[in-house]
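Just the heavy atoms: all of them, side chains too, but no hydrogens, waters or symmetry mates, feed the values below.
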Amino acid sequence: MSATSFAQQPISNRLSRQASRSSIQDSQVAIKVSVNANRQRIFQALTLPEYVEAWIAPPEDASQQRAVSTTPEGFRIEVPDSLGPESSISGSYLTLRRSKLIFTWQKGWSPDAPMSTVTIRLNGDFDRTEIILTHAGLNSRRECEWHRTFWHES
């Protein structure tokens, strides 16, 4: 994905600030970006572990190596060198189509860790794809900010 360039859609500063505020108040993060790649390549980058490892970047561990694997239920992302309790993310696919992915998202080792839902829509074909990501069901302002940073850095 290093040859792929990411460009956020132009939004006025005022509108951007309003969108950020409403996303936090609604316990969700919403991001829209346009990517110079076809929808099939983006889908593979979002679902194949060896590609996900290349782009995913947890905020506090952005420089550390990540291990992404598939599980019978979905996927697991681990930051092996991290000693923190939130060094693992797991999820299960609810919808897995080339134009739409919906999956659960659970950050942390504990089976009691809060679960949220990520929806990714891929619009376009050929040379440009619009990615619309919504991460909903986050249980605190801190979690919203962590995930906002996570998705922007990734």
Next item on the list: Compare all side-chain heavy atoms of Gln28 with those of His135 and state whether any distance is below 4.5 angstrom.
Entry: no

Notebook entry, point to check: Can you name the nearest heavy-atom pair linking Ser154 to Ala57, along with the distance?
Noted result: OG-N, 2.9 Å

Next item on the list: Before giving the answer on side chain to side chain contact (heavy atoms under 4.5 Å, CB included), spell out for Arg76 and Val68 the whole-Å C-alpha distance, their side-chain angles and the decisive distance to 0.1 Å.
Entry: CA-CA 6 Å; Arg76 178 173 292 285; Val68 179; over 6 Å; no

Checklist line | Minimum-distance pair of heavy atoms, taken over all atoms of Thr104 and Met115 | finding: CB-SD, 3.6 Å

Item checked: Atom pair CZ/CD1 of Arg66 and Ile89 - distance to nearest 0.5 Å -> 10.5 Å

Check: Rounded to the nearest 0.5 Å, what separation is found between the CG atom of Leu138 and the CZ atom of Arg148?
Finding: 9.5 Å

Item checked: For Pro49 against Thr70, the heavy-atom pair lying closest together -> CG-CG2, 3.6 Å

Next item on the list: Starting at CD of Gln40, measure out to OG of Ser99 and round the result to the nearest 0.5 Å.
Entry: 11.0 Å

Checklist line | Intermediate values then yes/no, side chain to side chain contact (heavy atoms under 4.5 Å, CB included), Trp55 and Leu46 | finding: CA-CA 9 Å; Trp55 64 263; Leu46 293 169; 3.7 Å; yes

Item checked: Exam field: side chain Thr134 to backbone Ala30, donor-acceptor pair closer than 3.5 Å -> no

Checklist line | Remaining members of hydrophobic cluster (4.5 Å side-chain criterion), Ile102 | finding: Leu94

Note to self: Quick one, Trp151 with Ile31, criterion side chain to side chain contact (heavy atoms under 4.5 Å, CB included). Give me CA distance, side-chain angles, the key distance, then yes/no.
What the structure shows: CA-CA 8 Å; Trp151 289 116; Ile31 298 172; 3.3 Å; yes

Check: Which heavy-atom pair separates Glu78 from Ser88 by the least distance, and what is that distance?
Finding: CG-OG, 4.1 Å

Note to self: Counting C-beta onward and ignoring hydrogens, is there a side-chain heavy-atom pair between Ile42 and Val35 closer than 4.5 Å?
What the structure shows: yes

Check: Do Ile56 and Ile77 come close enough that some side-chain heavy atom pair is under 4.5 Å?
Finding: yes

Notebook entry, point to check: Between Phe75 and Tyr93, what is the ring plane arrangement, given parallel below 30°, perpendicular above 60°, and tilted in between?
Noted result: tilted

Margin query: Looking at every non-hydrogen atom in both residues, tell me the closest pair between Trp105 and His147 and how far apart they are.
Written below: NE1-NE2, 2.9 Å

Check: So how far is it from Arg142 CZ to Glu145 CD, rounded to the nearest 0.5 Å?
Finding: 11.5 Å

Notebook entry, point to check: Run the side chain to side chain contact (heavy atoms under 4.5 Å, CB included) check on Thr149 and Trp146 step by step: do they pass?
Noted result: CA-CA 5 Å; Thr149 301; Trp146 188 94; over 6 Å; no

Next item on the list: Kindly indicate whether the side chain of Ile131, heavy atoms from C-beta on, has any atom under 4.5 Å from the side chain of Ile120.
Entry: yes

Check: Are the side chain of Thr129 and the backbone of Ala37 linked by a donor-acceptor contact shorter than 3.5 Å?
Finding: yes

Check: Does the distance from a Lys or Arg side-chain N to an Asp or Glu carboxylate O, for Glu130 and Arg121, drop under 4.0 Å?
Finding: no

Checklist line | Note, Leu101 side chain near Thr95 side chain (heavy atom, < 4.5 Å) | finding: no

Check: Can you name the closest pair of heavy atoms from Leu122 and Arg39 and give their distance?
Finding: O-CD, 3.4 Å

Next item on the list: Following the transitive rule for hydrophobic clusters with a side-chain heavy-atom cut-off under 4.5 Å over Ile, Leu, Val, Met, Phe, Trp and Tyr, establish whether Phe103 and Ile132 coincide in one cluster.
Entry: no

